[in-house]
Amino acid sequence: MAEKNTSLPKGFLFGTSSAAHQVEGENISSDWWHYERIGRLPKSGKCADHFHRFREDFSLAAGCGMDVMRISIEWSRIEPEAGRWDSSAIEHYRSVLVAMRAMGLLRIVTLFHFTLPLWFYRQGGFSRKANIAYFSRFAKFIAHELGDEVDMWVTVNEPEVYAAAGFLQGSRPPFVRNPLHFWSVYRNLLDTHRAAYAAIKEGGSNTPVGVAVSAAYFTSSRRSLSAMAAAAGRQWISGIARTCDFIGLNYYFAYNLAFSLRRGIRIVNRDQPFSDMGYRAYPEGLLRVLRDFSRFGKPLYITENGIANAAEDMRVRFIVEHIEAALSAREQGVDVRGYLYWSLTDTYEWQQGFDLKFGLVEIDYSTLERKPRASYYELKRLIGSKNIH
Ligand code: BGC
């Protein structure tokens with residue numbers, strides 16, 4: 001491979017990212033589980049059983065030479081009913097965080113990654129401004145209980161995706177298609193971040209708090225169109241940059257946009273499947289997105305970048321090229337401090353279930369055995385060459 005010379009600079013973190021509902025299994029008090037049960041979404045069941053096998057997963061990460069892992073804490077486990085805190089769930093997550101530390105992994109913890117306690121969801125979730133107080137109470141509680149074992153916090157994962165999928169496209173709970181609802185949820189999530197930021201900092205914590213936004217790259221033969229899309233992509237951060245100690249970017253793909261009076265704005269590269277998810281990879285886009293977001297003057301982390309590739313013939317190249325793009329941005333003065341691949345193991349994918357294979361490690365869902373893929377070993381070799389120690 002031409003990329004053989006990639007070496008990671010000192011202080012540049014490498015690791016992986018995941019979310020509770022996508023790996024843990026039996027997340028029974030959540031809104032998502034409810035829709036799985038009534039047949040509206042694919043069933044997650046035991047999932048990868050990360051809930052019980054987290055030590056094995058962390059040791060795979062550490063064994064690969066990773067520095068960091070991003071996980072999420074499932075609110076519906078901590079507070080399965082309004083105001084009832086489950087002490088065994090808190091102890092569970094304490095063991096998780098301690099195990100990560102013991103294996104030398106830095107811990108980035110997300111508080112909201114798409115799933116909600118069913119009780120909160122039934123009260124209107126983030127579509128009701130008054131409900132934000134429940135989330136900040138949860139954030140404050142978790143920071144108090146577990147803050148000593150967390151290295152960085154992510155308050156909200158991909159607010160714009162959450163709002164768009166659930167309230168505009170109607171493809172995820174609560175399956176609404178209403179631009180006004182979309183807009184109010186989007187705005188409420190801004191306040192949710194601000195409130196969670198304040199709640200975590202209230203106890204005097206110095207632990208960095210940020211968000212993870214979806215950061216696609218937009219190209220177009222019409223420059224005004226791509227500039228407009230990029231501005232829309234930055235909009236959420238613009239509203240909260242002051243309350244972000246860092247910005248997390250989830251970068252997966254580039255969209256090529258076209259415009260005609262007859263058909264409006266269209267995505268024209270949608271029909272060129274590249275990954276199994278149908279996304280066209282474009283590492284150059286990551287460089288541009290990083291440069292673009294550097295305007296906020298905050299440290300940047302690539303909190304997700306990944307490829308669904310069951311054939312396992314594109315993954316290493318995809319990762320290496322994206323890391324190289326991040327390192328080019330660094331050379332150009334962008335303060336990008338780490339790269340997290342999505343994901344260490346195969347995951348439950350929100351609308352598609354288990355068919356999409358993002359993992360460096362395969363999960364055999366019939367035995368729950370972990371089988372590192374070729375890309376795991378190749379990355380281990382590449383990481384081994386970094387000049388950090
Ligand atoms: C989400 C993940 C998801 C990944 C791949 C990101 O938008 O944060 O939860 O699995 O994309 O679709």
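Order of appearance sets the numbers: ligands from 1, and atoms from 1 within every ligand.
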**Request:** Please determine if Arg266 forms a cation-pi arrangement with Phe259, meaning its NZ or CZ atom is less than 6.0 Å from the six-membered ring centre and no more than 45° off the ring axis.
**Result:** no
**Message:** I want to check a possible cation-pi pair here: Arg337 against Phe246, using under 6.0 Å from ring centre and within 45° of the ring axis as the test.
**Reply:** no
**Message:** Within this structure, what is the CZ-SG distance for the pair Arg194 and Cys244, rounded to the nearest 0.5 Å?
**Reply:** 10.0 Å
**Prompt:** Are the aromatic rings of Tyr348 and Phe354 close, with centres under 6.0 Å apart?
**Reply:** yes
**Request:** Would you check if the distance from the ring center of Tyr134 to the ring center of Phe138 is below 6.0 Å?
**Result:** no
Closest protein heavy atom (residue, atom, distance) for [atom]:
{"atom": "atom 12 (O) of ligand 1", "value": "Glu349 OE2, 2.6 Å"}
{"atom": "atom 7 (O) of ligand 1", "value": "Glu158 OE1, 2.6 Å"}
{"atom": "atom 4 (C) of ligand 1", "value": "Tyr252 OH, 3.3 Å"}
{"atom": "atom 2 (C) of ligand 1", "value": "Glu304 OE1, 3.6 Å"}

Going by the atom numbers of ligand 1, which of them fall below 4.0 Å from some non-hydrogen atom of [X]?
{"X": "Met277", "result": "12 (O)"}
{"X": "Gln22", "result": "2 (C), 3 (C), 9 (O), 10 (O)"}
{"X": "His113", "result": "1 (C), 2 (C), 8 (O), 9 (O)"}
{"X": "Phe358", "result": "5 (C)"}

**Prompt:** Got a salt bridge between Glu149 and Arg107, using NZ or NE/NH1/NH2 to carboxylate O under 4.0 Å?
**Reply:** yes
**Prompt:** Taking NZ, NE, NH1 and NH2 as the nitrogens, is one of them in Lys129 or Asp191 under 4.0 Å from a carboxylate oxygen of the other?
**Reply:** yes
**Message:** One residue to check: Asn157. Relative to ligand 1, which of side chain, backbone, both or neither has a non-hydrogen atom less than 4.0 Å away?
**Reply:** side chain
